[in-house]
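See below for the structure under consideration.
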Amino acid sequence: MPKKIPMRQCIGCGEMKEKKSLVRIIRSPEGAISLDRTGRANGRGAYLCGDVRCLRLAEKKKALNRAFGMAIPPEIYRELEAAFGDGADAGNGTRTGKEASDAG
């Protein structure tokens, strides 16, 4: 019997895809929203295609707000958008959000 492949739905486009092909966004127990590249971080998760268009669609539909049960500020979407870009060119040295403000 073939091994079952876990499937998840993208909250942006609504398409069902293999779990490992999607990007997981989490709300930690402290309430922080971040990208979970490992898929194993502790917290409530929501899945998106690795496409910025799906992130923008999720923002328009307020899908993350529903998934996490809280209002997500626009700055979080901008940070996630930048992080999506960083994933494509891993190691380009670009810092976002708190990291950039700490660097001064």
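What you see is a predicted model, and the numbers here were worked out from it, not measured in a lab.
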Query - Closest non-hydrogen atom pair, L48 against C54 - result: CD2-O, 3.7 Å
Report task. Please report the closest heavy-atom contact between Y77 and I72, naming both atoms and the distance. Result -> CE1-CG2, 3.6 Å
Report task. Taking the side chain as every heavy atom from C-beta outward, state whether Y47 and V23 have any atom pair closer than 4.5 Å. Result -> no
Query raised in the report: Would R53 and L55 satisfy side chain to side chain contact (heavy atoms under 4.5 Å, CB included), going step by step from the backbone distance to the final call?
Result: CA-CA 5 Å; R53 289 178 292 191; L55 177 64; over 6 Å; no
Requested in this report: Keeping the roles fixed (side chain from Q9, backbone from G14), state whether a donor-acceptor pair exists under 3.5 Å.
Outcome: yes
Report task. Decide yes or no for R24 and I26: does some side-chain heavy atom of the first lie under 4.5 Å from some side-chain heavy atom of the second? Result -> yes
**Report entry** Donor-acceptor pair, side chain of K61 and main chain of G12, under 3.5 angstrom
**Finding:** yes
Query raised in the report: If you measure from CZ on R27 to CG on L64, what distance do you get to the nearest 0.5 Å?
Result: 11.5 Å
Report task. Answer yes when E75 and R78 have at least one side-chain N-carboxylate O distance shorter than 4.0 Å, and no when they do not. Result -> no
Query raised in the report: What distance do L22 atom CG and M7 atom CE have between them, rounded to the nearest 0.5 Å?
Result: 8.5 Å
Query raised in the report: Any salt bridge (charged side-chain N to carboxylate O under 4.0 Å, His left out) pairs touching residues 1-10, not counting sequence neighbours?
Result: none
Requested in this report: Determine whether the side chains of D36 and S34 contain a donor N or O and an acceptor N or O closer than 3.5 Å.
Outcome: no
Query - Co-membership, hydrophobic cluster, residues L57 and F68, 4.5 Å side-chain - result: no
Requested in this report: Have a look at I25 and tell me which of I76, I11, L35 forms a side-chain contact (heavy atoms from CB on, under 4.5 Å) with it.
Outcome: L35
Query raised in the report: Is there a side-chain contact between S28 and N42 (heavy atoms, below 4.5 Å)?
Result: no
Requested in this report: Measure the shortest side-chain to side-chain distance between C10 and K17 over non-hydrogen atoms and say whether it is less than 4.5 angstrom.
Outcome: no
